[in-house]
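Start at 1 with the first residue, then count along the sequence. We use all heavy atoms of the structure for the numbers below, so side chains are in, but hydrogens, waters and symmetry mates are not. The model shown is predicted, which means the values in this text are computed figures rather than measured ones.
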Amino acid sequence: MLLRGMNLPLIIACIIIVLALIVLPLIVSYKAEKKEKNNKNEWDNIKEYGNKINNKTREKY
């Protein structure tokens, strides 16, 4: 059996490290995608500003 030569705390530590290496990148990428969806990109801001100026100009005439 694999457990005879190894200490139990060493095995538990290895399992925790492996799980952390799998789970942490998933959490980071999830947060990055969520943040990206909430933020407008620069082109959307430019388009919105242009529309705002056009609407003001149309109201004057």
Side-chain angles (χ1 to χ4, degrees):
M1 193 167 143
L2 184 65
L3 296 176
R4 286 188 192 167
M6 300 177 116
N7 294 334
L8 188 59
L10 178 64
I11 295 171
I12 293 172
C14 289
I15 290 172
I16 290 173
I17 290 171
V18 168
L19 287 175
L21 289 173
I22 293 171
V23 172
L24 287 178
L26 293 174
I27 293 171
V28 170
S29 65
Y30 174 74
K31 286 184 179 180
E33 284 182 12
K34 189 175 180 183
K35 184 179 178 182
E36 184 178 312
K37 286 182 182 179
N38 289 338
N39 290 340
K40 293 181 186 177
N41 65 19
E42 188 173 350
W43 290 110
D44 289 338
N45 289 335
I46 292 170
K47 182 179 176 182
E48 184 176 313
Y49 183 72
N51 288 336
K52 182 179 174 183
I53 290 175
N54 288 338
N55 288 337
K56 284 184 180 180
T57 306
R58 287 182 190 133
E59 288 174 2
K60 288 182 182 179
Y61 298 107

Could you list the residues that satisfy side-chain contact (heavy atoms from CB on, under 4.5 Å) with Ile53, not counting sequence neighbours?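 Scan of Ile53 (side-chain contact (heavy atoms from CB on, under 4.5 Å), adjacent residues dropped) gives Tyr49, Thr57.
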
Taking side-chain contact (heavy atoms from CB on, under 4.5 Å) as the test, write out the residues that go with Ile17, two or more places apart.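 Ile17 satisfies side-chain contact (heavy atoms from CB on, under 4.5 Å) with Leu21 once adjacent residues are dropped.
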
Measure the spacing between CD of Glu48 and CG of Asp44 and express it to the nearest 0.5 Å.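 Glu48 atom CD to Asp44 atom CG measures 8.5 Å (nearest 0.5 Å).
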
Nearest heavy atoms of Pro25 and Ala20, plus distance in Å: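 Heavy atoms of Pro25 and Ala20 come nearest at CD-O, 4.0 Å.
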
Applying the side-chain contact (heavy atoms from CB on, under 4.5 Å) criterion to Ile12, which one of Leu10, Leu8, Ile15 satisfies it?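 Only match with Ile12 under side-chain contact (heavy atoms from CB on, under 4.5 Å): Leu8.
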
